[in-house]
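Residue numbers start from 1 in every chain, and the chains themselves are labelled A, B, ... in the order their sequence lines are given, proteins ahead of strands.
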2 protein chains.
Amino acid sequence: MLTHTAIRTGFSRAANNASPRAHSGSFFDSISLMGAAMPYGRDAEIYGENEPADYVYRVISGAVRTYKVLGDGRRQIGAFYLPGDIFGLETGDEHSFSAEAISDAKILVVKRSALLALAERESEAARQLWSVTGQELRRVQDHILLLIKTAKERVGSFLLEMAKRHPGGNDVELPMSRQDIADYLGLTIETVSRTLTELENSASIKLASARHIVLRNRRALGVLNG
Amino acid sequence: MLTHTAIRTGFSRAANNASPRAHSGSFFDSISLMGAAMPYGRDAEIYGENEPADYVYRVISGAVRTYKVLGDGRRQIGAFYLPGDIFGLETGDEHSFSAEAISDAKILVVKRSALLALAERESEAARQLWSVTGQELRRVQDHILLLIKTAKERVGSFLLEMAKRHPGGNDVELPMSRQDIADYLGLTIETVSRTLTELENSASIKLASARHIVLRNRRALGVLNG
DNA sequence: CGTACCATTGACGACGGTCAAAAAACGTGG
DNA sequence: CCACGTTTTTTGACCGTCGTCAATGGTACG
């Protein structure tokens, strides 16, 4: 139990894409039995900002966005979560972002108190909880680096990020709308659209359809990305 | 030991400003004896990006910046750390940012392995390590919200943030240069300077000197800050 | 086949970046 | 304490990128 080797549970086997790249997969695989798989429809709220953080979540299938809305209506998307990813794990008592299903999704829901109890007994479990938060921290730090770049760099980096997280080589299937991408990258929908067109014109990508993008020149997408 | 009430050690008493607002102050107060206070000169490197994260740090006096430099030379400052703040705590084996002293500083240096060993024995210590990373996560998330705002909003939010962290009401003593502020806010030094002048002209602040700013209208600084 | 919704394209303007110079602040040594 | 040189900050002029407003085009679904 709680070994490094992933323990494949019924729930994680049911996942589309639960894969080795998931956050601390072994840990959450092993505690999958503590939770239940819940279905969420497109745009359904999973939790709201400032609500009690009583549960921790893991994407089984579909995709999730977390976000905040500022006073004047601007929305900032904090992260996209794909199958295998863990989200909603807080060290405090409340969620700091809201979470919604981007598409129809199956989400494994685990009681936070169960994890905390386990962590109290098993130091390895505590280490894994810490590790999940640490990975999230690094992800958000990378996000900051995105936000100081030019529009072309942001969109390029975003596509590379999605390609890395998604299995399927150079073919990227985007689960989210242009508006979601824009709110993630701190751009407008028009700039995202224009930039994608530019990247296609420069033969860096191919827009097979609005949500299906083929990477043709990864170097061009990653230039200057430190 | 490890109680909620701060245990004032010799080291923390020596601090300029170690105060209740520090990250998990009680925890790090109690393990202060495990480390040593080290002096760092202005601009001295404390650790570099990708170096082994063998130590965890706490500011006793002075100030610290963490940063990354992108391929083309742009620098992004991840955070400023003031007396009482903990930094350099990683869940992985390497530091993800570099750290430098902004001014002459005294820093408490603690062996990470000692903390990990303690966390293995005491679940409360493990919880506190997790909590420190969680607070850092929230700080970085707030930083993201800064970066999507206009220049005036970024500078205003920055001043409010510094005023909150610094004791001293409406008088803010900035330890860092305009260049540091610019690299933290994702702006240029010129835009930061111009924006401060604008804020002074609109009577929102007073520039007593370049590094000493008096807040005159906090509402104007915080408008739209969601 | 029609109707929303979503994405793309266009025209234009504003915000902030760039390049350059002046002014202020700071530190050092006479 | 003042004079000097260096660094930091401020100010100015100009320009490019991206946001805004508006219209067109495309796609999915009933």
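Separating the CG atom of A:Asn201 from the C1' atom of C:dT8 is a distance of 12 Å, rounded to the nearest angstrom. Across the protein-nucleic acid pair, B:Arg211 atom CZ and D:dT10 atom C1' stand 15 Å apart, rounded to whole Å. At whole-Å resolution of the value, CD in A:Gln179 and C1' in C:dC6 are 10 Å apart. Remark: C1' of C:dA23 and CG of B:Leu196 are 17 Å apart, rounded to the nearest angstrom. Atom pair B:Ile181:CD1 and D:dT9:P shows a separation of 8 Å (rounding to whole Å applied). Taking atom CD1 on B:Ile148 and atom C1' on C:dG16, their separation rounds to 17 Å, with Å as the unit. Atom pair A:Leu207:CG and C:dA7:C1' shows a separation of 10 Å (rounding to whole Å applied). Between the C1' atom of C:dC26 and the NE2 atom of B:His212 lies a distance of 18 Å, rounded to the nearest Å.
Side-chain contact check for B:Leu160 versus B:Arg218: some heavy-atom pair is nearer than 4.5 Å. Contact check for A:Phe87 versus A:Ile46: side-chain heavy atoms found under the 4.5 Å cut-off. Looking at B:His212 and B:Val214, their side chains come closer than 4.5 Å, going by heavy atoms from C-beta outward.
Taking each heavy atom of A:Ala53 and A:Gly92 in turn, the nearest pair found is CB-O, 4.4 Å.
Note: A:Phe97 and A:Tyr67 fail the aromatic proximity criterion, with ring centroids not under 6.0 Å apart. Ring centroid separation for the pair B:Tyr55 and B:Tyr47 does not come in under the 6.0 Å cut-off.
Using cut-offs of 30° and 60° for the angle between ring planes, the A:Tyr57 and A:His95 rings count as tilted.
Judged as a side chain to side chain donor-acceptor pair (under 3.5 Å), and not counting sequence neighbours, A:Arg154 has no contacts.
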Legend entry - Protein-to-nucleotide contact annotation, 5' to 3' order, nucleotides 11-30 of chain D [B base; S sugar-phosphate only; - none; under 4.0 Å, heavy atom]: BBB----SSBB---------
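Within 6.0 Å of the CZ atom in B:Arg211, the count of heavy atoms belonging to other residues, nucleotides or ligands exceeds 12.
Within residues 98-105 of chain B, no residue has any heavy atom closer than 4.0 Å to DNA chain C.
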